[in-house]
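Below is one structure, written out as structure tokens; the observations come after it.
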Amino acid sequence: MAATTDEQIERVRDLVASIPAGHVATYGDIAAAAGLSSPRTVGWIMRTDAADLPWHRVIGASGRPAPHLAHRQVARLELEGVPIRDGRVDLVRARHRF
């Protein structure tokens with residue numbers, strides 16, 4: 001895998017920061033908007049450099065949050081009015097388009 005550049009990291013950070021309250025984006029949405037080849041790169045960036053970002057607005061393509069974050073993530077999204085049913089975000093209604 002090619003090294004992730006500082007420009008790519010900043011692009012992902014800018015995209016995540018631009019997701020408005022009440023909406024979410026998938027790792028794949030962000031990868032596509034940033035011109036990255038893999039959603040996994042977005043995941044890596046989020047794990048290493050996203051403490052100051054609205055990390056809770058980034059979810060997997062299934063609409064389900066990561067199991068280790070699910071309780072905190074769902075609680076934050078519900079406070080913002082994101083439609084959630086059975087632990088899954090309604091991507092049709094809540095997905096942000098870049």
Problem set entry | Steps toward side chain to side chain contact (heavy atoms under 4.5 Å, CB included) verdict (Val89, Val74) | CA-CA 8 Å; Val89 172; Val74 167; over 6 Å; no
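- Atom CZ of Arg40 sits about 16.0 Å away from atom CE of Met46, to the nearest 0.5 Å.
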For this session: Begin from the C-alpha positions of Arg57 and Val16 and carry the test side chain to side chain contact (heavy atoms under 4.5 Å, CB included) through to its verdict.
Result: CA-CA 8 Å; Arg57 297 180 189 148; Val16 172; over 6 Å; no
For this session: Report the C-alpha separation of Asp90 and Arg85 in whole Å, then their side-chain angles, then the decisive distance to 0.1 Å, and conclude whether the salt bridge (charged side-chain N to carboxylate O under 4.0 Å, His left out) test is met.
Result: CA-CA 7 Å; Asp90 181 346; Arg85 186 175 32 205; 5.2 Å; no
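- The shortest heavy-atom contact between Ile59 and His56 is CG2-O, 4.3 Å.
- Side-chain atoms of Asp86 never come within 3.5 Å of backbone atoms of Arg88 as a donor-acceptor pair (strictly under, hydrogens ignored).
- Looking only at atom types and distance, the side chain of His23 has no donor-acceptor partner in the side chain of Glu80 under 3.5 Å away.
- Both Val12 and Tyr27 sit in one connected hydrophobic cluster of ILVMFWY residues. Membership requires side-chain heavy atoms under 4.5 Å apart, directly or through other members.
- In this structure, the side chain of Asp14 does not engage the main chain of Arg11 through any donor-acceptor pair within 3.5 Å.
- Separating the CD atom in Gln73 from the CD1 atom in Ile84 is a distance of 8.5 Å, to the nearest 0.5 Å.
- The same ILVMFWY cluster, assembled from side-chain heavy atoms under 4.5 Å apart, contains both Ile30 and Ile45.
- Once rounded to the nearest 0.5 Å, the distance linking CZ of Arg76 with CG of Leu69 reads 10.0 Å.
- Summarising the geometry of Pro54 relative to Ala17, their closest heavy-atom pair is CD-CA, 4.1 Å, with the distance given to 0.1 Å.
- A continuous path of hydrophobic side-chain contacts links Trp44 to Val58 [ILVMFWY only; heavy atoms under 4.5 Å].
- The distance from atom CD1 of Ile19 to atom CZ of Arg97, rounded to the nearest 0.5 Å, is 12.5 Å.
- Residue Asp49 holds its CG atom at 4.5 Å from CZ of Arg13, rounded to the nearest 0.5 Å.
- Between Gly87 and Pro65 the shortest heavy-atom distance is O-CD, 3.4 Å.
- Sorted by first then second residue, the ring pair (Phe, Tyr, Trp, His ring centres under 6.0 Å) pairs that include residues 69-98, not counting sequence neighbours, are His96-Phe98.
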For this session: Please lay out, stage by stage, how Trp55 and Arg72 fare under the test side chain to side chain contact (heavy atoms under 4.5 Å, CB included).
Result: CA-CA 11 Å; Trp55 59 268; Arg72 282 191 325 161; 3.9 Å; yes
For this session: Would you please test Arg93 and Val82 for side chain to side chain contact (heavy atoms under 4.5 Å, CB included) and show each step?
Result: CA-CA 8 Å; Arg93 291 173 49 207; Val82 172; over 6 Å; no
